[in-house]
Each structure stands twice: as C-alpha cells, then as structure tokens.
There are 2 protein chains.
Amino acid sequence: MSYSASVQELIDQLGRLPGIGPKSAQRVAFHLLKIPTEEALKLADSIVEAKQRVSFCTRCFNLSEGGEECVVCSDPRRESRMLCVVEDSQDIVAIERTQEFRGRYHVLQGAFSPIDGIGVEQLRIKELMTRVGEEDVDEVIIATNPNLEGEATASLLVKFLKPMGIKVSRIASGLPVGGDLEYADELTLGRALDGRKTLTDGEN
Amino acid sequence: MSYSASVQELIDQLGRLPGIGPKSAQRVAFHLLKIPTEEALKLADSIVEAKQRVSFCTRCFNLSEGGEECVVCSDPRRESRMLCVVEDSQDIVAIERTQEFRGRYHVLQGAFSPIDGIGVEQLRIKELMTRVGEEDVDEVIIATNPNLEGEATASLLVKFLKPMGIKVSRIASGLPVGGDLEYADELTLGRALDGRKTLTDGEN
C-alpha cells in the first residue's frame, strides 16, 4: 500500500517548500488531513489570498500589498539619498526593526550563486543601476547576508557601482551583541578583529 | 514596517503546522510569494482536494480515499485473525513496506498522553474493543512507537485486551539493522539485551 493519489500530491507539493524534507512533508500532510477541514482550508485560502493581493514594488521590488509601490517607497518622509540593498523582503523587516535607517531600499530578490542558476541577470541589479542613475542617491549600503553568496553579491555590486562615483558601503561583520568570544567561529572573530575601532577618551 | 495583513496571515497559518517554527513559516511564506502564482496555487489546491477526497476508514480509521473502507479493510485477501494496532496511518505505510504482515490494522489516531489532552477517550480504543469482540481476531500486535507515549499506550491496551482472552503481542525493540553497538543509546541496548534470542544449531 502506498498513499492514495491526492495524499501523495499533497505530500509532493509540501515537499517542494524550502526546508521541508520528505519526512516533514509527510508529517505536515497527515496533520492537515487530521485537523478539521475549516482549519486546513484556512491555510489554502491564505495562500490564494496572499498571491492575489501581494505583488512586488515596481521601484524597489519589496513586497507590496494593493498598490504599485511599497509602503517604504510611497512614504515621502524616507530619505532618497541613502539606498540599502538587501537580498530579500524579509531583510527589510529586520532592518526596519532596528529603527536605525531612514533611507530607502532595493531588493535584489536573491544572491549571486551561479551554481544555483542565479547570475547577474536573475538579480535586480540592472534596476538598481537605473535607480542610482535617476534618483538622488549619495550612498549605497550593501546589506546582503555575510555568507558566501552574500559576499559575492557585495563584490559584484561594488564593481558595478563604484564607477558611478557614489559612496558604497557594507554593513559590519563581527561578534553579535551579547555574544561570547569563546563560542565565536574563527571567521567571525577574524572579521571582528579586522573591523576594530580605535577608542579615544570621551568618545569611541 | 511589519508585514501586510495577508502576508502575516499566511505566515501565521504556516506557523501552525507541526515542525514549522516562526522563522521557517516566514521563509516558506516568502518562497510562496516569490514563485509563480500557478505553482503556489497547486499547493492550495492539493490541500482542498485532499480534504475533499480523503476521509477516515469507518472500520480501522486508516485514511481512505473515495470510499467508506480503506484499501486494506476492503481487501478480502487480508487475514482478519491478526490485527496490528498503530498510532497513525503513516505507520501502516511503513509496515506495508516490509511486506511481512498480511493481517489488518487499527489506527488509534494518536498515543496516550494525558499532558497533551490525549486520554483513552481521544484514542480509537473503544472501536478496537468492539472490533476484537465482533471480528474473528486471534492476536493483536501492538505496534505503537517505542517511546514514552507509545509504551504507555501499549500498557493500556494490554490491560483492556487481556481480559478478552486473545493473544496480545508487542513489536520488538532493539538495535536497528545495520546499527552500531557503539552508538546505541543505553535504553535501546538494554532492550536489545532483554529481548535476546537463544541461538541453536541450524536455526535461530
């Protein structure tokens, strides 16, 4: 006995989601079959609803609900001279939570990873160049992830942006606040040493 | 900035699935928003379809598609004198894969765990008793998981079934085939010692 067609289809569809392996897909499928129908349909409805209502901002490619431009781009109080480049929309939410940044964003929708078929063409780099050319941008802050793909993307962006004569910066790598030197990996600790700041009396 | 209403709803619904924490829910939600609409709707459709077509077998509570009784119960070649009791339908698929069992099943739809609100009433024990009384059952094989809840369920079932004068057995615990003594936990190794078999010449 194997699973019936519609159960197998459900397992297959769930297994295509990121981070959900065959075993989890099976577990989630059986969970959905076990719970009341209305509960399970809430999930199905939320997928349909989100796909209908959410699109990408035509300017920065952040998620946008019910409009052409996202909440950040359509907010006139945001400074246009600072542009923060991120890999995905969820990174914007993380940065917004810090309340440290009042500029605008640009979402690349991925990171440079030729092995996964993600090259320059797949990222929103051309659109970034156009924005930097047209908008009043002084500084581009590259906030891609501090991993292999994110660093490769950062190097790539520097190569494209530097000739345009604007300031290009990269967010700092180092020990997380509250972290412990003892448990830091050598790469992070190396970065923390590299990026050390001179301390002076009164200010640092 | 936080997520818009329909994105948050999608994240919330995904976060209710077993084994999917808030971070994974977010990742899956953004994945669904990024992929083509038709791809995302396939998942929604497969949930709706499965909930419409799949129900529980009226006899053994296994999953059943398009009928009152499941494929095992409606197969006249299956022996009715052996009844294998499992926690969930996916356990049936695992046992069927061994091709070692030709009897029928009974799905409890869970394991005894009062702390999670799962008592005797929540499990299909009453229905099991009725089946043992009405059907021509010689032996009940208890194949609940070899963990705390599964063992508690097994003890409970023995208490209910023994007075009915049938043979009640429990699947063996021990080292997995291909396993390594060195890496076995002490409970498993203890069980393996407990359940040792006498070897004789010619047969074991």
Side-chain angles (χ1 to χ4, degrees), chain A residues 1-7 9-14 16-20 23-24 26-56 62-66 70-72 75 88-90 92-93 95-97 109-110, chain B residues 1-7 9-14 16-20 23-24 26-56 62-66 70-72 75 88-90 92-93 95-97 109-110:
Chain A
M1 192 191 94
S2 59
Y3 298 117
S4 63
S6 60
V7 176
E9 171 69 9
L10 179 58
I11 295 173
D12 290 348
Q13 288 300 333
L14 288 166
R16 293 169 154 217
L17 300 176
I20 298 189
K23 282 275 162 192
S24 317
Q26 197 173 302
R27 191 150 64 114
V28 171
F30 278 94
H31 168 84
L32 286 170
L33 290 168
K34 221 187 211 171
I35 60 176
T37 302
E38 62 191 65
E39 288 294 310
L41 294 189
K42 268 189 197 164
L43 172 58
D45 289 344
S46 68
I47 297 169
V48 175
E49 175 108 352
K51 291 302 280 190
Q52 275 171 351
R53 302 186 55 166
V54 177
S55 57
F56 292 107
N62 182 14
L63 293 179
S64 165
E65 185 159 347
C70 72
V71 281
V72 178
D75 182 350
D88 287 300
S89 293
Q90 50 266 60
I92 294 184
V93 179
I95 295 175
E96 286 294 285
R97 232 180 268 133
Q109 298 191 323
Chain B
M1 192 190 93
S2 58
Y3 297 117
S4 64
S6 59
V7 176
E9 170 70 10
L10 178 58
I11 294 174
D12 290 348
Q13 289 299 333
L14 288 166
R16 291 170 154 217
L17 299 176
I20 298 188
K23 281 275 162 194
S24 318
Q26 197 174 301
R27 191 151 63 114
V28 171
F30 278 93
H31 168 84
L32 287 171
L33 290 169
K34 222 189 214 172
I35 60 176
T37 301
E38 62 191 66
E39 287 294 310
L41 295 189
K42 268 188 196 164
L43 171 59
D45 289 344
S46 69
I47 297 170
V48 175
E49 175 107 353
K51 290 303 280 188
Q52 275 171 351
R53 301 186 55 166
V54 178
S55 57
F56 292 108
N62 182 14
L63 293 179
S64 165
E65 185 159 348
C70 71
V71 281
V72 179
D75 181 350
D88 287 300
S89 293
Q90 51 266 61
I92 295 184
V93 178
I95 294 174
E96 286 294 285
R97 233 179 267 131
Q109 298 191 323

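All figures in this text were calculated on a predicted structure; none of them were measured in a lab. Throughout, protein chains are lettered first and strands after them, A, B, ... in sequence-line order, and every chain is numbered starting at 1.
- A heavy-atom distance below 4.5 Å is not found between the side chains of B/Tyr3 and A/Leu63.
- Here the closest non-hydrogen pair linking B/Phe56 and A/Leu33 is CZ-O, 3.8 Å.
- Closest of all the heavy-atom pairs between B/Val54 and A/Ser6 is CG2-OG, 3.4 Å.
- Within the 4.5 Å cutoff, the side chain of A/Leu17 has heavy atoms near those of the B/Leu43 side chain.
- Side chain of A/Lys51 to backbone of B/Leu32: a donor-acceptor contact under 3.5 angstrom is found.
- Heavy atoms of B/Arg53 lying under 4.5 Å from chain A belong exclusively to its side chain.
- A pairwise comparison of heavy atoms in B/His31 and A/Arg16 identifies NE2-O, 3.9 Å as the closest pair.
- For B/Ser24, no part sits under 4.5 Å from any heavy atom of chain A, backbone or side chain.
- For A/Gln52, no part lies under 4.5 angstrom from a heavy atom of chain B.
- The shortest non-hydrogen separation linking A/Ala40 to B/Ile47 is O-CG2, 3.6 Å.
- Using a 4.5 Å cut-off between heavy atoms, B/Asp12 does not touch chain A at all.
- For the atom pair CD of A/Glu9 and NZ of B/Lys42, the computed distance is 7.5 Å after rounding to the nearest 0.5 Å.
- Contact of B/Ile20 with chain A is made through the side chain alone, with heavy-atom distances under 4.5 Å.
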Residue pair B/Gln13, A/Ser46: steps toward the side-chain hydrogen bond (donor to acceptor under 3.5 Å, both in side chains) verdict: CA-CA 7 Å; B/Gln13 289 299 333; A/Ser46 68; 5.5 Å; no
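- Within the 4.5 Å cutoff, side-chain heavy atoms of B/Asp88 are placed close to those of A/Lys34.
- Shown here for A/Ala5 and B/Glu65, the closest heavy-atom pair between the two residues is N-OE1, 3.6 Å.
- Contact annotation for B/Leu14: both backbone and side-chain heavy atoms come within less than 4.5 Å of a heavy atom of chain A.
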